[in-house]
Structure formats: structure tokens, C-alpha cells
Amino acid sequence: MALKNIVKEMRDGIGNISRRGSERRGSENGKHNMRRRGRSYIAPEGSSSSSKIIVEQSQWANMPPELLHDIIQRIEASQTSWPARRDVVACASVCKSWRAVTKEIIRTPEQCGLLSFPVSLKQPGPRDAPIQCYIRRERPTGTYRLYLGLSPGDMSKLLLAARKIRKATSTDFLISLVGDDFSRTSNTYVGKLRSNFLGTKFTIYDSQPPCDTAIHSNSRSQRKIFPKQVSLKGSSSNYSVATISYELNVLRTRGPRRMQCTMHSIPISAIQEGGTAPTPIEFTNCCEEQIPSSPSPVSKGKKPLVEFSSTSRSGPLESFGSAGDPLILKNKAPRWHEQLQCWCLNFKGRVTVASVKNFQLVAAAEPNQNVSVAEQERVILQFGKIGKDIFTMDYRYPLSALQAFAICLSSFDTKPACE
């Protein structure tokens, strides 16, 4: 049987199994949810036991491990772009054994330069070449959508979406995996960006804690919440992972904005020779996984099961233990073009419209931090305008798609004091 036929039959089998599972449960809500999920949907680990039994009894669950590994490896190697890469996601949706083998074969974006699963959006990008994306702004709804692709006409893969919410003293950008649900209680919520009143300082929040256990939060701003103090309904956690600062333009001189990003969740050692950046391996929902169903006392000398700021105002991560100082990014200084009479940066054809929002970020390192000159000149993130409400975003290691998207969102907020 040809490989394409195997994939087609496998995906058809997933749909039949899902339909049989919903019929056995006899629940109208269950049927509705199963129909809403596409065939490339990856069921969470906590799926109902009845559906697990049905899937595990299918013909695909009993496939020899060697053959299964070879099939998934061939599918992964042949489907290197979206939408064809949804076949790889479909393999992880068959059953637990297929999911385990698929997760074993699929490499991180840093290793292969490809985005496969939701967790890939929180993992560092590739080292050699940037991942090229673009952002489409929808002014009437205040929505920003991040797509994977080279041209605005390619909307085959939506990576992230953000909704701008203005408040009396700040502005929030809520970031989600989908473009129509920005609720913080949803399992598609991944983080947010919050500005101060002037729009000169921003904080990036992640919905799950940093994967590096050596990182500690600011004890002054953080509050310990015991399990009995947490409400299961409507609760969510946000962890401060980066701060963005725009320099005030007191003299009102013309020129590009000056910005600095302090990546509290990435140590400076990540860009040193032989260094690595923190890489999460699971996409978790903190509200579901960390909050127990029933209150339990905290024994003396032990930390509580849940530890985060309920008001989403946890302070920046202060230390990395032995990992060193946090990574600091600064915008690359442009040069003045005499003939064009404007500030210019080499975007290598990826930016075509002059805008105060355009920028390139490079690492800012001290001489004693042992970062090579070539690494300091390497553009880690670039963002620029190519048309009305259309912008390109190219990012690479050690930033993730979520971090890069949040930094670019800060450029959309009004900054009268910086221009």
C-alpha cells in the first residue's frame, strides 16, 4: 500500500472512530464537540476513558513498532510545509502509541526549522536561518494574526492571534492559538502583553512557567496561593518572561524608535559558544494541571502546589542561578541615506514600506560576557511593513514565536512620548 493511501485511510479511520465514540456515549454535547474538532486535532492527554479504549482497539494501535516508526518517519520527512504537514499532526491523533512515536520523531524548531505542534510556538527558533512569518492587522476589531509564510496571500497556517484591549491605565494584547477565542480561561490562551500608561514599557506574560527550574520570581511582587485559595472557575496564571522599554524622545527629534528587550526567561549564556536556551517540551494548561480538584493542606517545610500571581502582576524573573545574566536585545542602529533622505536598515527585501514601526533586534552584550562579535551582529528578530496593515516578522534562535510576536505587538501600540 502506498504511503499516501496509508495516511488517507488512517485519517478516515480517525473520523470513523471518533463518530463511533460519540454514538456510544449518546451525548449531544459530545457529538457537537467531536464534529467541531478537525481530523488534525490532537486530543489532550486527559481524554475520556471510553474513547481511549475504542481507539486502542483499532487496527492501527496494534501495528508493529518498527513499522510504525518507519511510516511516521517517512511522513515527517516528506511533509515539510503547511498545509501538507497536517498529516504529521494526524499521526499523533490516532492513539497513545502513535502519539508517543510521533513526539519521539518530531524535532524542535531549533533542530529542524519546522513548526509542528502548539508547543513549537514556545520553543526557540532555528540557529541557521530565520522562520519567516507575517502579521495581518484588522483595525475594526483590534485583532492581529500571525501566519507562517512568505507572502500575504499564504494564509494556510495561522500560528497565533492577539486581541487589543484598551484600559484606563494600560493596554493589553491577549494572545491565543485561535483567532476567535481570547478568553483567559480557554485552553487556547497562551499569554499576553501589557503596557504602561504612556506605552513606553511593556511586559510579556506566558501562561505557563519557564521550564528552567533555576529561575526564580520576584518575591516582592509574587504572592503564594495555596490550593484552597484558588477558584477553579475563571482562574488563570501569567508568568512574566520579558520586559520591553522604549526610550523617551524628550527633544522630539526625528528618527526611529529606540527599544530594549530584557528576556528574563533566556540567559545570556544561550548565545555564548555551546550555550542552549530553555526549551519546553510540553504545552500545558496551568489552571488545569496545577490546581487540584480538592483542597489539601501544605505540610511544613514544603512548597505549596500552586505558586503564582493571581493578579498577573508577578515581577520579572530575577536570577538564573549559575546561568548568568538575562539576555538583552536592542534595536540595530539605522544609517541615514543621503539620497533617499531617510533612515535605512538592510531587511534583505523583506520590508518594502518605510515606517517608524520597522526594527531589527540584535544582542547587547558586555565585553566580559564572552559573546562573539558575529553573534552580536546577528539579527535575531526583524519586523517591518510591506503594505497596508501587513507586516513581516522573521525570528530565530533563541527567541520563540510567542516571544517574537509579543515584541512585535508592542510596536503597534501608540507611543506619543517616543516619537
Side-chain angles (χ1 to χ4, degrees), residues 33 36-38 40-44 46 82-83 86 89 109 115-123 125 131 133-149 155-167 170-195 202-210 233-242 244 265 280 282-291 308 310-312 314 383 389-391 393 395 399-413:
N33 292 334
R36 285 179 58 190
R37 296 170 180 173
S40 62
Y41 172 78
I42 302 180
W82 290 89
R86 66 175 181 264
V89 180
L115 300 174
S116 304
F117 301 118
V119 70
S120 303
L121 302 175
K122 294 190 176 185
Q123 295 174 336
I131 293 181
C133 315
Y134 70 92
I135 299 173
R136 184 179 293 273
R137 175 175 58 183
E138 299 177 4
R139 292 178 181 267
T141 60
T143 304
Y144 304 82
R145 302 177 190 271
L146 175 67
Y147 293 96
L148 176 66
M155 284 192 271
S156 58
K157 182 56 180 174
L158 174 69
L159 299 180
L160 293 167
R163 174 68 55 81
K164 185 176 183 178
I165 301 177
R166 294 185 181 274
K167 298 183 178 180
S170 64
T171 300
D172 283 0
F173 291 84
L174 302 181
I175 306 175
S176 172
L177 293 173
V178 296
D180 56 357
D181 185 3
F182 298 94
S183 172
R184 289 177 53 187
T185 59
S186 172
N187 58 2
T188 60
Y189 172 78
V190 294
K192 72 174 183 179
L193 175 74
R194 169 169 288 183
S195 74
F202 296 79
T203 304
I204 302 175
Y205 294 95
D206 197 332
S207 61
Q208 66 186 77
K233 184 177 180 180
S235 61
S236 62
S237 54
N238 287 299
Y239 298 84
S240 173
V241 295
I244 307 167
S265 61
E282 294 291 341
F283 192 92
T284 59
N285 188 317
C286 296
C287 298
E288 295 178 359
E289 296 193 359
Q290 294 185 359
I291 301 176
F308 57 82
S310 61
T311 58
S312 304
S314 57
F383 170 79
D389 297 325
I390 302 176
F391 304 80
M393 185 196 89
Y395 77 97
L399 290 183
S400 66
L402 173 61
Q403 294 165 343
F405 185 45
I407 293 174
C408 293
L409 288 175
S410 70
S411 187
F412 287 107
D413 198 27

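We count residues from 1, following the sequence as given.
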Novice: Taking all heavy atoms of E282 and all of Q208, pick out the closest pair and write down the distance.
Specialist: O-NE2, 3.3 Å
Novice: Hey, could you give me the OG/CD1 distance between S400 and I131, rounded to the nearest 0.5 Å?
Specialist: 10.0 Å
Novice: Please tell me if the side chains of S207 and K122 come closer than 4.5 Å, counting only heavy atoms from C-beta onward.
Specialist: yes
Novice: Determine whether R137 and K164 satisfy the following criterion, side chain to side chain contact (heavy atoms under 4.5 Å, CB included), listing intermediate values before the conclusion.
Specialist: CA-CA 11 Å; R137 175 175 58 183; K164 185 176 183 178; over 6 Å; no
Novice: Return the minimal non-hydrogen interatomic distance between I390 and Y134, and the atom names on each side.
Specialist: CG2-CD1, 4.4 Å
Novice: With side chain to side chain contact (heavy atoms under 4.5 Å, CB included) as the test, pick out the partner of L402 among I204, I407, V190.
Specialist: V190
Novice: Give a yes or no on whether the ring-centroid distance for F383 and F412 is below 6.0 angstrom.
Specialist: yes
Novice: Look only at the side chain of S195 and the backbone of T171, and say whether a donor-acceptor pair between them is shorter than 3.5 Å.
Specialist: yes
Novice: What is the minimum heavy-atom distance between Y395 and G125, and which atoms define it?
Specialist: CE1-CA, 3.9 Å
Novice: What pair of heavy atoms forms the shortest contact from R145 to G179, and how long is it?
Specialist: NH1-CA, 3.2 Å
Novice: Between Q123 and P280 (side chain of the first, backbone of the second, donor and acceptor by atom type, cut-off under 3.5 Å), is there such a pair?
Specialist: yes
Novice: Distance from L177 atom CG to L160 atom CG, nearest 0.5 Å?
Specialist: 6.0 Å
Novice: Could you tell me which non-hydrogen atom of S410 sits nearest to which non-hydrogen atom of L193, and how far apart they are?
Specialist: N-CD2, 3.5 Å
Novice: Do F202 and D413 make a side-chain contact, defined as non-hydrogen atoms from C-beta onward lying under 4.5 Å apart?
Specialist: yes
Novice: With rounding to the nearest 0.5 Å, note down the distance linking CG in L159 to CH2 in W82.
Specialist: 9.0 Å
Novice: Do you see a donor-acceptor pair shorter than 3.5 Å between the side chains of Y205 and D172?
Specialist: no
Novice: Go through the steps to decide whether I135 and C408 satisfy the test side chain to side chain contact (heavy atoms under 4.5 Å, CB included), and finish with yes or no.
Specialist: CA-CA 9 Å; I135 299 173; C408 293; 4.0 Å; yes
Novice: How many angstroms lie between OH in Y144 and CG in L146, if you round to the nearest 0.5 Å?
Specialist: 13.5 Å
Novice: When rounded to the nearest 0.5 angstrom, what is the spacing between CE in M393 and OH in Y147?
Specialist: 13.5 Å
Novice: Locate the shortest heavy-atom distance separating A406 from I175; write the atom from each residue and the value.
Specialist: CB-CD1, 4.2 Å
Novice: Could you give the distance from CG (D181) to OG (S176), rounded to the nearest 0.5 Å?
Specialist: 5.5 Å
